[in-house]
Amino acid sequence: MGEVEPVPAGSLEPPEPPEAAAPRRPGGIRVLKRNMKHNGSRNCLNRRSRFGSRERDWLREDVKRGCVYLYGADTTTATTTTTSSSSSSSSSSSSSDLHLVLCTVETPASEICAGEGRESLYLQLHGDLVRRLEPTERPLQIVYDYLSRLGFEDPVRIQEEATNPDLSCMIRFYGEKPCQMDHLDRILLSGIYNVRKGKTQLHKWAERLVVLCGTCLIVSSVKDCQTGKMHILPLVGGKIEEVKRRQHSLAFSSAGAQAQTYHVSFETLAEYQRWQRQASKVVSQRISTVDLSCYSLEEVPEHLFYSQDITYLNLRHNFMQLERPGGLDTLYKFSQLKGLNLSHNKLGLFPVLLCEISTLTELNLSCNGFHDLPSQIGNLLNLQTLCLDGNVLTALPDELGNLQQLTSLGISFNNFSQIPEVLEKLTMLDKVVMAGNRLEILNLGVLTRMNHVKHVDLRMNHLKTVIIENLEGNKHITHMDLRDNQLTDLDLSSLCSLEQLHCERNQLRELTLSGFSLRNLYANWNKLTAVNVYPVPSLLTSLELSRNLLECIPDWACEAKKLEILDISYNLLTEVPMRILSSLSLRKLMVGHNHIHVLPALVEHIPLEVLDVQHNTLSRLPDTLFSKALNLRYLNASANSLESLPSACAGEESLSVLQLLYLTNNLLTDQCIPVLVGHPHLRVLHLANNQLQTFPASKLNKLEQLEELNLSGNKLKAIPTTIANCKRLHTLVAHANNISIFPEILQLPQIQFVDLSCNDLTEILIPETLPATLQDLDLTGNTNLVLEHKTLDMFSHITTLKIDQKPLPTTDSTVTSTFWSHGLAEMAGQRNKLCVSALAMDNFAEGVGAVYGMFDGDRNEELPRLLQCTMADVLLEEVQHSTSDTVFMANTFLVSHRKLGMAGQKLGSSALLCYIRPDTADPTSSFSLTVANVGTCQAVLCRGGKPVPLSKVFSLEHDPEEAQRVKDQKAIITEDNKVNGVTCCTRMLGCTYLYPWILPKPHISSTPLTIQDELLILGNKALWEHLSYLEAVSAVRHVQDPLAAAKKLCTLAQSYGCQDNVGAMVVYLNIGEEGCTCEMHGLALPGPVGFASTATIKDAPKPTTPSSSSGIASELSSEVSTSEVSSEVGSTASDEHNTVGLETSLLPRPERRCSLHPVPSAGTFQRQPSCATFSSNQSDNGLDSDDDQPVEGVITNGSRVEVEVDIHCCRGRESENSPTLPKNSSYPCSEEHARGLGFGIRRQNSVNSGILLPVNKDKMELQKSPSTSCLYGKKLSNGSIVPLEDSLNLIEVATEAPKRKTGYFAAPTQLEPEDQFVVPRDLEDEVKEQMKQHQESRPEPEPREEDRTEPLQEFDTAL
């Protein structure tokens, strides 16, 4: 596609590429030409060949060096025909060449341009706007700063990331300004066509230059297009018609009685359609509006000034300049301009000449970095709306008071520390909008003097104190917004006309208000213990006091005669007053999550429609609830202690209109089912986690309107066949029961979701045809269920079919972990698509750890799927580069953020990643848990029955520090607490177009896992919004199956009111002593590096045969199957291994350590091929009973099986002064020296794995080697090298041995009795001399008791 050639500079002199010397250019840069190809899926570039080794070496010399990818203009601009000066330069490019420029962080753009022969460089962020770089700007420094702000910290890693071509999806440099074809069409259309004037045929067709720009059609002579006569045709309100007598022709007509018409004939159908599409937008407008937003413009097109009827001009999100032919200083030429939008142009300085456009009534200058306003702004006397949000203003000029017609002034997210006094002069101003500033004190006296102000918005400031200057009341302010401040006490009783108050998310303990005009009060998320309103608010309709510390409902609230909505959930209430429940105006009552024991009995009919009493301690509901609350449509009484339900009616015919009934997590039995018949209009029924054993068929038959039924977590053995009468049923959830017969639900016409997991199903009887609406069928957890091929074929059309996979035969590389197991549940709720994905790998990195993740895309499903597929691979790669958990976890998130490509430019996702790995830092712990997250997904660890939160919620509402960071970077936070109205999260993966407000840098925490750690819960935002940490842990810690536990959490969230996507993963941890394999508990298998023991035992235990039930994690024993572990070995060493023999053995008696009780590694190893021998009691000929052929690679020899393996020997150095022996030398091994030896085993095909045997840290260190195992042993009388226990400890020495699935294991390394040291004759003298010197250099140790029991034995072995 393109080529890149290297160009060196004087001060910047990278080496010449090896293939050929590159042509040199002035400018101090080197440019490498390489063929590149586009990746169509992500629109990123991948290199076919990387730049040479010399260039890489040059980069490594200094982290301030790097490369910049320089792209050419897009090929789409080459076909554009235009006379515009801004687009003519881009049309000259016929290819999108790519140049790789080597430079430093000090190289300015002007130097690169000089070397490239270009006028300017352009920068594009996130595939969006393109701006011209100033000559002094430094491109490589821009890239490095960008990566640093994303979260990369290591300069070397930043340099590496900057060379990755995938980064072009986030930051890209152009040598020419790119512009898309559709953008050019919207800005300006031009061409030379045949034109005829008038509606009649009196005029002839003539060749003319035709331009469509703004609101006008401009027709001029081809030769004298700039100086000759121009015909300008206003099109707003006009007509565009097709000329039927001439192919590809349009008739353009202006509006009015004296309308003119021009016929234009186009050459192709494509041109005809482009002109018709753009002109139709213009003529359809009621007012003359031109929208040129988001086009990366530096100036307006020249032809736009011919459209003198423009009244509204939108130039938002551009890079408009001041002093250019079409710059901001020329906008005064639009004589009828009333509205001008220049927001997000990064102007820096206020364009003073804008103050000469006296016709302006609306001016938007937000997000331009203004520090002050000129005094000339007072000349805009007709201005009615002025928006200055997102700047850095600290004061307003007094001349602003001249704008007496100003009715709306926006100065939010600036740096004001007090309310400007000039606002008192703006008498027409009825709103003071100062959200996101730096006010710490609210002086009500200032607001009192502004008797024209009615609405005050001071949210997201630093308010701590409210000052009242005098007792004079304020009768003007009606609406006050004080959300997200730091107020502790608030007294607004002087605002006697206050109708609505928002004061959520403060630290209020007491609130005092005037009730004369109060209509709406919102005070959630505070610490309120008292709310005083006087007089009684007779106009109050909505009262929200949830998540406070109130112990009772205020008396004035009970007397509010018009109160319709009362939300006082998440408080400390113990009762509900009779006056509240019997209110004749209350329609919605939310008193959940309190300590209410009983509800008062109802005497009269009430209009209540919604009642939420979940999470209380109710044992019964009022007997007259359903007979008196005849309008009740929604009732949620989940998480109580209900044992029965009140009757629906006293008479024969029920008047109940109840539609949604949630009774999950109570004590209800079968006796409550007949009561449900009295609610014939039920659409949603949740009875999960109760004590139901049967559901009478006759009762279910009468619930014909049922649409959603949840019966999970009970003891049901069957679903009644009468469920077939529920024709409207679309969701059936009945997991975690004892159902053995598949219910007759596949004949329901509207069934969509069926969850029968964790039951006792054995077979499924299905009809000939399945309902077309069925989308999700979950049959996992039914261990006895067998599906025939015919059944699976019929289920093939289901979008999501979940069934248990048949367990594969256990192999050496895939052994199920006994340390952890997981269960996953995802439910779409009332949304049409599932935007939550999960990642679960019980055996990660070849079995040395586990990875679990949760990804929530909120409204998109694409990004969670991408992260689910890629994030584990990224983590595996990053683990190889760094051993620091904070480093590799952070880089995993940042690299995943980059790999999202174009999909991550506009979409975003919360992400949570949990990595369990061997703990090399803490010797007292076996595993460590590292958790990283962005967004709202969270992980909670259950430790001793108590929840331990491991994540941080990155949202504006829950993280004041992040909210302050976003404010400091001048983001606009809308009233619904979303960054630029998009998301409430401040850190996400994706959404790169919201940089720098939204970042991908994660929160990281590491926790050593202990015996007390029971389980880990991962959940998305919807789960934790409805379940507390303690409730989630308590709900599942006694559930045996992790799948059933995850299902239970999702069911609870839905029953508690969740209507969104909900996802939960439960990971059961078995890091207890029952999983220990130390000594008598089981078999010590090779594990991750750092799991070796450095201690030895004094009294060796008797030989034992390990059990297959020992707690052996797959990630610690992926080379040994469970059947291999249970094999009894070492029959020749069963009786003769006495204590004396052990003590005189060359191998010190080790204390076997499992991965629960590890000791850090102390060395690595050397490799030496040899042969090992072991004895097996499986069969004399090396065959299992089921084997027909000998094991491949195994040689049978009587009762012994010889397996070719690698023996990796290493020798310890006693001290730094010890003589070094040649590689081929040999020496006698004394017992004293044997005690100083170090041994180790490491699996060759695993990552960070291996087990080390005893190491004397005081006298030796192991030599470095890439070998996989090590053995040093002493010859015994029967030919065995080590006793049975030690053989079992070394069971994975023969990692290279052939494996069988039926029971053979990798043999321990054992030396033959006949083995002798073999030294070549030409080296015998040299070896003997060195051995003699070695012995003489060592001090004579004191003989020990065990040394006297048996004389020293020596042996030789081949090197």
Side-chain angles (χ1 to χ4, degrees), residues 214-216 234 236-237 255 282 284-293 297 300 304-318 320 322 326-345 347 349-368 370 372-391 393 396-414 420 422-434 450 452-455 457 972:
T215 61
C216 297
V236 176
V282 178
S284 62
Q285 297 178 7
R286 295 183 178 181
I287 58 175
S288 298
T289 302
V290 176
D291 187 358
L292 296 178
S293 61
L297 296 178
V300 296
L304 188 65
F305 291 101
Y306 293 103
S307 302
Q308 286 298 311
D309 59 340
I310 294 179
T311 57
Y312 186 85
L313 179 60
N314 187 1
L315 295 172
R316 179 179 60 91
H317 275 289
N318 284 290
M320 296 297 296
L322 296 177
L328 297 179
D329 290 346
T330 61
L331 295 184
Y332 68 92
K333 297 180 181 179
F334 295 105
S335 58
Q336 300 184 29
L337 192 62
K338 293 184 178 180
L340 177 61
N341 189 343
L342 286 172
S343 62
H344 296 276
N345 271 271
L347 299 177
L349 296 176
F350 191 97
V352 179
L353 290 181
L354 292 181
C355 300
E356 298 183 7
I357 310 177
S358 59
T359 57
L360 281 178
T361 60
E362 181 180 346
L363 180 60
N364 190 338
L365 293 170
S366 60
C367 301
N368 278 292
F370 296 153
D372 50 38
L373 299 180
S375 58
Q376 291 87 337
I377 196 171
N379 298 334
L380 300 175
L381 300 178
N382 294 318
L383 203 61
Q384 300 177 8
T385 301
L386 177 59
C387 185
L388 297 169
D389 299 331
N391 288 287
L393 299 173
L396 296 178
D398 293 337
E399 289 78 6
L400 194 66
N402 298 336
L403 310 182
Q404 291 300 309
Q405 297 189 33
L406 195 65
T407 58
S408 178
L409 175 62
I411 51 177
S412 296
F413 300 99
N414 280 275
V422 70
L423 300 185
E424 299 180 17
K425 302 178 182 179
L426 303 176
T427 56
M428 296 293 293
L429 193 67
D430 62 348
K431 293 182 180 180
V432 174
V433 183
M434 295 186 63
M450 302 178 187
H452 49 275
V453 174
K454 295 182 179 180
H455 295 253
D457 184 357
I972 301 299

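The model shown is predicted, which means the values in this text are computed figures rather than measured ones.
- Legend: residues meeting side chain to side chain contact (heavy atoms under 4.5 Å, CB included) with V453, ordered by chain and number and at least two apart, are V432, M450, V456.
- By the ring pair (Phe, Tyr, Trp, His ring centres under 6.0 Å) test, H452 is found to be paired with no residue, residues two or more places apart in sequence or in another chain being considered.
- Applying the side chain to side chain contact (heavy atoms under 4.5 Å, CB included) test to V282 and every residue at least two apart in sequence or in another chain returns T215, L235, V236.
- Heavy-atom minimum distance, S358 versus N382: O-ND2, 2.9 Å.
- Across all non-hydrogen atoms, the minimal contact from L304 to V290 is CD1-CG1, 4.1 Å.
- Rounding to the nearest 0.5 Å gives a distance of 9.5 Å between CG of L337 and CG of L363.
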Would you mind writing out the side-chain donor-acceptor pairs for residues 404-413 within the sub-3.5 Å range, not counting sequence neighbours?
residue : atom : partner : partner atom : Å
Q404    : OE1  : T427    : OG1          : 3.2
Q404    : NE2  : G401    : O            : 2.5
Q404    : NE2  : K425    : O            : 3.2
T407    : OG1  : Q384    : O            : 3.2
S412    : OG   : V433    : O            : 3.4
S412    : OG   : A435    : N            : 3.2

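- The ring pair (Phe, Tyr, Trp, His ring centres under 6.0 Å) search around Y312 returns none, not counting sequence neighbours.
- Checked against salt bridge (charged side-chain N to carboxylate O under 4.0 Å, His left out), D309 has no partners two or more places apart in sequence or in another chain.
- When all heavy atoms of L400 and L386 are compared, the closest pair comes out as CD1-CD2, 4.0 Å.
- Of the inter-residue distances, the one linking L354 atom CG with L360 atom CG reads 7.5 Å to the nearest 0.5 angstrom.
- For the residue pair P234 and C216, the shortest heavy atom distance occurs at CA-SG, 4.1 Å.
- Atoms CG and CG, from L322 and L347 in turn, are 6.5 Å apart once rounded to the nearest 0.5 Å.
- Every residue two or more places apart in sequence or in another chain was checked for a salt bridge (charged side-chain N to carboxylate O under 4.0 Å, His left out) with E362, and none qualifies.
- From L328, atom CG reaches atom CG of L353 across 9.5 Å, with rounding to the nearest 0.5 Å.
- Applying the side-chain hydrogen bond (donor to acceptor under 3.5 Å, both in side chains) test to every pair with at least one member in residues 327-338, sequence neighbours left out, gives these pairs: Q308-S335.
- For the pair N391 (side chain) and N368 (backbone), a donor-acceptor distance under 3.5 Å is present.
- Scanning for side-chain hydrogen bond (donor to acceptor under 3.5 Å, both in side chains) contacts around S343 gives N341, with sequence neighbours left out.
- When every heavy atom of Q376 is checked against every heavy atom of C355, the shortest pair comes out as O-CB, 3.4 Å.
- For the atom pair CE of M320 and CG of N345, the computed distance is 7.0 Å after rounding to the nearest 0.5 Å.
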Requested in this report: Applying side-chain contact (heavy atoms from CB on, under 4.5 Å), run through V422 and E399 and close with a yes or a no.
Outcome: CA-CA 8 Å; V422 70; E399 289 78 6; over 6 Å; no
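- Residues satisfying the side-chain hydrogen bond (donor to acceptor under 3.5 Å, both in side chains) test with N364, not counting sequence neighbours, are S366.
- Partners of D291 under the side-chain hydrogen bond (donor to acceptor under 3.5 Å, both in side chains) rule, at least two apart in sequence or in another chain, are S293, N314.
- Once rounded to the nearest 0.5 Å, the distance linking OG1 of T311 with CG of L340 reads 11.5 Å.
- Taking the six-membered ring where the residue is Trp, F305 and F334 present parallel rings, their angle staying beneath 30° rather than reaching 60°.
- L403 approaches G378 most closely through the heavy-atom pair CD2-O, 3.9 Å.
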